**Student:** 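Structure incoming, see below.
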There are 2 protein chains.
Amino acid sequence: MEYKIKSRIWIEVDGEILLGEGRVQLLKAIAETGSLTKAAASLSMSYKKAWSLVDAVNTRAKKPVVNTSIGGTKGGGTELTEYGRTLIQTFDNLNENCWAFLDEQLANSEL
Amino acid sequence: MEYKIKSRIWIEVDGEILLGEGRVQLLKAIAETGSLTKAAASLSMSYKKAWSLVDAVNTRAKKPVVNTSIGGTKGGGTELTEYGRTLIQTFDNLNENCWAFLDEQLANSEL
DNA sequence: AACCGTTATGTAATTGTAAATATAACGAGA
DNA sequence: TCTCGTTATATTTACAATTACATAACGGTT
């Protein structure tokens, strides 16, 4: 019966989405699995969609966010760059700060 | 080329959406037109969708947000309650405070 | 040279959401 | 009592986003 305030944040570049919660989740799955295929599967997401999301992030960010390799013993793989990791870290920080801020704001309102 | 941070906020009750930006916009249109039909049209939204949104807000809020009347010379109409107006007002305040907070947060980050 | 798991990309199929359409009820005024 | 614009609701239609499927390329290893 209580009101709860929720939010979603995202970062844009040139009016297009660079990074949001879904993409961060995907990047985290890539960091864990080392593979875009496995990351997509772990999120029950089609490979095509996962690829499109990562491609969008990679081309719009100021620096590359992932390194990919094709072929070889393991078939290839996808790994986060150092910049990719700081991007995720910063996003998570912004998000948590935002939630705390909004909770406080709502508590101070008269609803 | 610069990163910009965006956000959307909404208020939930029992895990369901009570009020978000779209619903606030609709309530504002109702306040201006005095009619759900006209409000929907002014937002290029189907009447059915508009009605569903208003109904959801009205049934989940702690107090009614609109008063409706059917029939009569003007056919009827929909008007905001006092509580509806304060709800809108508070939502807009929360939203603007959130935007300002996030802009500041992003500026203080290293992205 | 053949194999394997992966990245990369296009096309067809599906499905879930939104819109369009139809219908009923209401009530003040002419 | 008839009209008119509105609220209220169900059903059908259309569309857009997502998934599913198919195919090619890659490069260590065997």
Side-chain angles (χ1 to χ4, degrees), chain A residues 8 10 12 15-61 63-81 83-84, chain B residues 8 10 15-17 19-61 63-81 83-84:
Chain A
R8 289 185 76 92
W10 66 96
E12 289 188 1
E16 296 196 304
I17 295 177
L18 166 70
L19 197 66
E21 284 186 22
R23 298 178 192 203
V24 164
Q25 198 178 10
L26 180 58
L27 291 178
K28 285 177 178 174
I30 289 171
E32 288 172 6
T33 61
S35 152
L36 182 54
T37 299
K38 289 174 186 164
S42 78
L43 299 176
S44 300
M45 178 188 298
S46 69
Y47 174 84
K48 188 182 181 66
K49 180 172 184 180
W51 183 86
S52 302
L53 289 174
V54 170
D55 182 63
V57 177
N58 224 29
T59 55
R60 289 172 193 163
K63 301 179 190 174
V65 171
V66 296
N67 284 324
T68 66
S69 62
I70 306 179
T73 306
K74 297 178 180 177
T78 303
E79 293 194 340
L80 292 193
T81 62
Y83 185 67
Chain B
R8 289 184 76 92
W10 66 96
E16 296 195 305
I17 295 177
L19 197 66
E21 285 187 22
R23 298 178 192 205
V24 164
Q25 197 179 8
L26 179 57
L27 291 180
K28 285 178 179 174
I30 289 172
E32 288 172 6
T33 62
S35 151
L36 183 52
T37 299
K38 289 175 186 164
S42 79
L43 299 175
S44 300
M45 178 188 297
S46 70
Y47 175 84
K48 185 183 179 67
K49 180 171 186 183
W51 182 86
S52 303
L53 290 174
V54 170
D55 182 64
V57 176
N58 224 27
T59 56
R60 289 171 194 162
K63 301 179 192 175
V65 171
V66 296
N67 285 324
T68 65
S69 61
I70 307 179
T73 306
K74 298 179 179 175
T78 303
E79 293 196 340
L80 291 192
T81 62
Y83 185 67

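All values derive from a computational prediction rather than experimental measurement. Residue numbers start from 1 in every chain, and the chains themselves are labelled A, B, ... in the order their sequence lines are given, proteins ahead of strands. Every heavy atom of this structure was used, including side-chain atoms; hydrogens, water molecules and symmetry mates were not.
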**Student:** Identify, between A:W51 and A:G76, the residue whose nearest nucleotide on DNA chain C lies closer to the 5' end.
**Tutor:**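 Mapping each residue to its closest nucleotide by heavy atoms, the 5'-most match is A:G76.
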**Student:** Mind listing the closest non-hydrogen atom pair of A:L18 and A:A61 along with its distance?
**Tutor:**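 Nearest heavy atoms, A:L18 then A:A61: CD1-N, 3.6 Å.
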**Student:** Round to a whole Å and report the spacing from OH of A:Y47 to C1' of D:dA24.
**Tutor:** 12 Å
**Student:** Might you point out which heavy atoms bring B:P64 and B:T81 nearest each other, and give the distance in Å?
**Tutor:**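 Heavy-atom minimum between the residues: O-OG1, 2.8 Å.
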**Student:** From CG of A:N67 over to P of C:dT6, roughly how many Å is that when rounded to an integer?
**Tutor:**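 A:N67 atom CG is separated from C:dT6 atom P by 18 Å.
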**Student:** Is any side-chain nitrogen or oxygen of B:S69 closer than 4.0 Å to OP1 or OP2 of C:dG27?
**Tutor:** no
**Student:** Side chain of A:K48 only, heavy atoms from C-beta on: which candidate in C:dT7, D:dA8, D:dA20 is closest?
**Tutor:** D:dA20
**Student:** Mind checking whether A:L19 and A:V65 have side chains closer than 4.5 Å, heavy atoms only?
**Tutor:** no
**Student:** May I ask you to evaluate whether A:S46 reaches the phosphate of D:dT19, defined as a side-chain N or O under 4.0 Å from OP1 or OP2?
**Tutor:** yes
**Student:** Would you kindly compare A:M45 and A:K74 by the position of their nearest DNA chain D nucleotide and give the one closer to the 5′ end?
**Tutor:**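 The 5'-side residue here is A:M45.
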**Student:** Measure across B:L43 and B:A29 and return the closest heavy-atom pair with its distance rounded to 0.1 Å.
**Tutor:** CD1-CB, 4.2 Å
**Student:** Give B:S35 one of three labels, base, sugar-phosphate or nothing, depending on what nucleic acid heavy atoms sit under 4.0 Å from its own.
**Tutor:**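 It contacts sugar-phosphate atoms only.
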**Student:** Nearest of C:dT7, C:dG29, D:dG28 to any side-chain atom of B:T73?
**Tutor:**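 Comparing C:dT7, C:dG29, D:dG28 against the side chain of B:T73, the answer is C:dG29.
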**Student:** C:dA19 base to B:K49 side chain: any donor-acceptor pair below 3.5 Å?
**Tutor:** no
**Student:** Without decimals, in angstroms, what is the distance between A:I30 CD1 and C:dT6 C1'?
**Tutor:**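 Distance, rounded to whole Å: 13 Å.
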**Student:** Tell me: CD1 of A:I70 to P of D:dC26, nearest whole Å?
**Tutor:**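 Value for this atom pair: 8 Å.
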**Student:** Within the structure, does a side-chain N or O atom of B:K38 lie under 4.0 Å from either OP1 or OP2 of D:dT6?
**Tutor:**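 Affirmative; the distance criterion is met.
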**Student:** Are there over 12 heavy-atom neighbours, none belonging to A:E12, within less than 6.0 Å of that residue's CD?
**Tutor:**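 Yes, enclosed.
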**Student:** Rounded to the Å, how far apart are A:L36 CG and C:dA8 P?
**Tutor:**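 Rounded to whole Å, this separation is 8 Å.
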**Student:** Rounded to the Å, how far apart are B:L53 CG and D:dA8 C1'?
**Tutor:**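 Rounding to the nearest Å, CG of B:L53 and C1' of D:dA8 are 15 Å apart.
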**Student:** Could you tell me whether the phosphate oxygens of C:dT7, OP1 or OP2, come under 4.0 Å of any side-chain nitrogen or oxygen in A:T37?
**Tutor:**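 For A:T37, the contact criterion (side-chain N or O under 4.0 Å from OP1 or OP2 of C:dT7) is met.
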**Student:** Has B:T68 got a side-chain N or O lying under 4.0 Å from the OP1 or OP2 atom of D:dA8?
**Tutor:**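 For B:T68, the contact criterion (side-chain N or O under 4.0 Å from OP1 or OP2 of D:dA8) is met.
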**Student:** Using atom CD of B:E79 as one end and atom P of D:dG5 as the other, report the distance to the nearest whole Å.
**Tutor:** 19 Å
